[in-house]
Amino acid sequence: MNRDRHRISVADLIMIGALAAAVGGGLAAQVGTDRGHRALVQINGETELRLNLHRDGTHHVQGPAGESRIEVTDGRVRIVDAPCRRKLCLRRGWLSAAGESATCLPNRLHLQVEGSERDYDAFNH
Amino acid sequence: MTPSTTERDHRLVGLATLAVTIHVLEAAIPSPLPGLRPGLANAITLVVLFRYGWRDAAWISLLRVLAGSLIIGTFLTPGFFLSLAGALATLVAMGLILPLRWVGLGPVGAGALASLCHIGGQLLAARVLVIPHDGIWLLAPWLMAAALPLGIMTGLVAVETLRILERQTPARRELTDATG
């Protein structure tokens, strides 16, 4: 019973070490995320376009609010014009890592980079 | 018929009040990241867990979420459900690892795990209720990296509190009949 003489026991340290390793692994997995090769454009939840990020170009997508423009350059993708007022999706900037996404609610548009494999951390199976 | 209360009821209410007070005070502290708090109220839960057992800890934890949300005014808001999910996930985890106490696991190790479980439960609830998109898991490693040291700190607070309590009134008797 006098094991709790120490504030931090060996078991505590093992527990903390294991958790730190798990969290560190998660961070490392995320920082080292593979670059995506394709991007998915959805309008209203339905697939509208599949973009190859290795083929530069500008794409026009028609949504309920109007036309959004999407630009692909050097394996990156971004929204360059949207029919909404706040332009939040534009501020999202360039996307290149698998899993990154930009959303335009007024135009019901969702842009997401797809990777070779979709799981980017230990929690996503 | 008057409902009678036991000594345990009184103890639970007292400790829950303490936890709620800390919870509410903490809610007033601005946080750089939503959902990230020092979690000092959980030090109370840890103390109760190691001194009085899992059942009492569950009471304190859930009462804190309920009463805390009523006072802050977040009852039945998304924040309340996130809080509840975090508490439930933590309680399940604590129930599972509490037997490790007999190989020396103390509040510091338990607190570290509890802190991560809180984040895990909250993110899970957020994924289901608030942001139904898998992108939310991108937050997990960062939040957990921040939560780990906070959990260890909470554990250290709990250890000190337990030592002081133990010096005043040894809880050996209470421990044996509360762990069942």
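Throughout, a chain's letter reflects where its sequence line sits, starting with A, and its residues are numbered from 1. Heavy-atom basis, side chains included; hydrogens, waters and symmetry copies ignored.
- In this structure, B/V24 is not a member of the same hydrophobic cluster as B/L70, with clusters built from ILVMFWY side-chain heavy atoms closer than 4.5 Å.
- Summarising the geometry of A/S9 relative to B/G106, their closest heavy-atom pair is OG-N, 4.1 Å, with the distance given to 0.1 Å.
- The two atoms that bring B/A145 and A/L27 nearest to each other are CB-CD1, 3.9 Å, heavy atoms only.
- The environment of CZ in A/R108 is sparse: at most 12 heavy-atom neighbours from other residues, nucleotides or ligands sit within 6.0 Å.
- At a heavy-atom separation below 4.5 angstrom, chain B is approached by A/M15, A/I16, A/L19, A/A20 within residues 13-21 of chain A.
- Linking ILVMFWY side-chain heavy atoms closer than 4.5 Å, directly or via other members, places A/L40 and A/V113 in two distinct hydrophobic clusters.
- Nearest heavy-atom pair across A/A11 and B/G104 is CB-C, 3.7 Å.
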Under the side chain to side chain contact (heavy atoms under 4.5 Å, CB included) rule, what do B/V159 and A/I8 come out as? Steps first, then yes or no, please. CA-CA 9 Å; B/V159 166; A/I8 304 177; over 6 Å; no
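- Closest non-hydrogen pair, B/M144 versus A/V23, comes out as CB-CG2, 3.9 Å.
- Neither the backbone nor the side chain of B/L123 comes within less than 4.5 Å of any heavy atom in chain A.
- Residues B/W54 and B/L165 fall within the same hydrophobic cluster, defined by Ile, Leu, Val, Met, Phe, Trp and Tyr side chains chained together at heavy-atom separations under 4.5 Å.
- When the side chains of ILVMFWY residues are joined at heavy-atom separations under 4.5 Å, either directly or via intervening members, B/L46 and B/V103 end up in a single hydrophobic cluster.
- Note on B/L139: it clusters hydrophobically with B/I131, by side-chain heavy-atom contacts below 4.5 Å among ILVMFWY residues.
- Looking at B/L105, both its backbone and its side chain come within 4.5 Å of chain A, counting heavy atoms on both sides.
- Residue B/L96 belongs to a hydrophobic cluster whose other members are B/V92, with links defined by side-chain heavy atoms closer than 4.5 Å.
- Looking at B/L148, the atoms closer than 4.5 Å to chain A (heavy atoms on both sides) all sit in the side chain, from C-beta outward.
- Using a 4.5 Å cut-off between heavy atoms, B/I152 contacts chain A through its side chain alone, with no backbone atom that close.
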